[in-house]
Amino acid sequence: MATAQNRKQKSAPGEIDIPQLRRRLLRWYDRNRRDLPWRSDNPDPYAVWLSEMMLQQTQTATVAPYYAAFLQAYPDVFALAAAPRGDVLAMWAGQGYYRRAHNLHDTAKIVAEELDGVFPNTVDGLMKLPGVGRYSAGAIASIAYDVCAPILDGNVKRVLSRVFAIEQSQSDPQTIATLWGISGKIIPRKRCGDFNQAMMDLGATVCTPKVPKCDTCPFKKICIANNRGLTDVIPPARQRRIPTRLDLTALVVEANGYVLLHRRADSGLWAGMWELPNVEANGKSIDDVCEAILPATIRKSLGKLSKSRGVQHQLTHRSVRFKVFRGSCKKVRLPKTFQWARADDTLPLPKAFQKVLSAV
DNA sequence: AAGCCGGGGGT
DNA sequence: ACCCCAGGCTT
């Protein structure tokens with residue numbers, strides 16, 4: 001009798017031997033775990049939190065050097081809380097998603113000033129911190145405190161979709177709810193941090209989006225997608241969006257070794273970061289551009305501008321093209337939203353502007 | 001529910 | 001060229 005109940009059971013956790021899944025995964029992890037800088041037998045919640053903020057939508061290889069630099073500059077939450085915002089942003093420059101850097105600093109202050117420097121050890125407590133959602137809270141709680149909280153990131157989504165043959169779109173809220181449910185169901189009572197990290201390692205190194213290495217997978221025998229030859233169609237491809245074009249004219253204004261920077265708004269693209277003065281091109285003349293984005297004091301002493309070669313920069317949702325002009329002037333006093341930066345310093349600039357600067 | 005927010009590793 | 005990455009937040 002093919003009742004709805006029976007059909008539901010077919011791809012429900014009931015079909016998988018959960019204790020066996022746990023044993024297989026932890027045994028695999030003991031032999032094959034990645035050696036990552038933030039891993040430790042005695043985890044420091046601050047270091048775990050720091051790594052998780054950096055790892056949001058960012059691969060481990062990209063994070064590693066930033067993580068090392070942050071931990072050296074700010075060995076504990078009090079050091080980070082005491083740092084000027086500009087220093088934190090400058091160290092984050094190049095990593096993208098700059099809102100994370102603001103949240104990082106805000107959270108450090110909250111923990112240092114209101115929580116005696118101690119990170120919460122519950123999912124609810126952690127989720128009150130800016131930039132910490134359900135995934136990050138579960139990851140920090142389980143890894144730093146061995147609390148048995150589930151996680152669901154891109155890796156775990158993919159692994160669970162395949163093992164339990166969840167065929168629906170990964171972005172469907174219903175599917176996400178189902179996957180959270182499974183993640184909570186399979187997490188063991190012990191070694192929860194290891195278990196969660198093992199799921200992510202498996203997704204990153206074995207259960208990959210393309211050409212998964214099913215022959216070396218600890219779930220080879222129990223994975224429904226593998227048993228039915230469905231690993232190519234689970235999870236289904238998401239529809240991708242076309243980046244929109246953004247044409248900017250940027251100015252490189254120098255004054256004996258310094259370059260003129262402007263501070264961006266606290267929200268939106270490159271939030272709170274610094275930029276080379278720029279504006280949407282829209283057919284503007286160079287005089288119009290200067291009028292639009294330069295303080296009057298600069299314009300007065302600015303020599304003739306020369307055109308440099310253009311720069312192209314790709315974002316996930318934007319395709320940015322820069323026209324670049326270069327000129328020099330006196331090192332005059334500036335409004336607060338501008339600053340003179342030494343051209344040879346590590347500048348608090350997003351990659352796009354680093355690229356423009358290195359091109360001239 | 002959908003859009004926004006960066007940059008890069010891997011293929 | 002195209003996939004997606006230890007997601008969170010706003011509208």
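In what follows, every chain begins at residue 1, and chains take the letters A, B, ... in the order their sequences are listed.
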Please report, rounded to the nearest Å, how far the C1' atom of dG10(B) is from the NZ atom of K213(A). 10 Å
When rounded to whole Å, the CH2 to P distance for the pair W92(A) and dG6(B) reads 12 Å
Protein-to-nucleotide contact annotation, 5' to 3' order, nucleotides 1-11 of chain C [B base; S sugar-phosphate only; - none; under 4.0 Å, heavy atom]: -SSSBBBSS--
Just how far, in rounded Å, is P of dG7(B) from CD of Q314(A)? 11 Å
Indicate whether any N or O donor in one side chain lies under 3.5 Å from an N or O acceptor in the other, for R158(A) and Q170(A). no
If a pair means Watson-Crick or G-U wobble with both distances below 3.5 Å, what does DNA chain B look like in dot-bracket form, with | marking bases paired to a different strand? |||||.|||||
Establish whether L302(A) and L357(A) are linked, either directly or via other cluster members, by ILVMFWY side-chain heavy-atom contacts under 4.5 Å. no
Does the SG-to-SG distance between C214(A) and C223(A) fall under 2.5 Å? no
When the P atoms of dG6(B) and dT11(C) are compared, how many Å lie between them, rounded to an integer? 15 Å
With W49(A), the ring-ring contact (aromatic ring centres under 6.0 Å, His included) member among W38(A), F119(A), Y67(A), F70(A): F119(A)
Whole-Å distance, R100(A) CZ to dG8(B) C1', equals 12 Å
Can you tell me how far C1' of dG7(B) sits from CG of L315(A), to the nearest Å? 8 Å
Rounded off to whole Å, could you give me the OH-to-C1' distance for the Y66(A) and dG6(B) pair? 10 Å
Is it the case that S136(A) and Q56(A) place a side-chain donor and acceptor less than 3.5 Å from each other? yes
Expressed as a whole number of angstroms, how long is the span from H102(A):NE2 to dG6(B):P? 9 Å
Would you tell me if any nitrogen or oxygen in the side chain of R318(A) comes within less than 4.0 Å of OP1 or OP2 on dC5(B)? yes
Is the CG atom of D116(A) crowded by more than 12 outside heavy atoms at less than 6.0 Å? no
Can you tell me how far C1' in dG3(B) sits from the matching atom in dA6(C), rounded to whole Å? 23 Å
What is the distance, to the nearest angstrom, from the NE2 atom on H317(A) to the P atom on dA2(B)? 18 Å
Rounded to the nearest 0.5 Å, the CG atom of D106(A) sits from the CG atom of L129(A) at a distance of 10.5 Å
The residue, T62(A) or D172(A), whose nearest nucleotide of DNA chain B is more 5′ is D172(A)
For a quick check under 3.5 Å, do S161(A) and E167(A) share a side-chain donor-acceptor pair by atom type? no
For K220(A), check side-chain contact (heavy atoms from CB on, under 4.5 Å) against everything at least two apart and list the hits. N226(A)
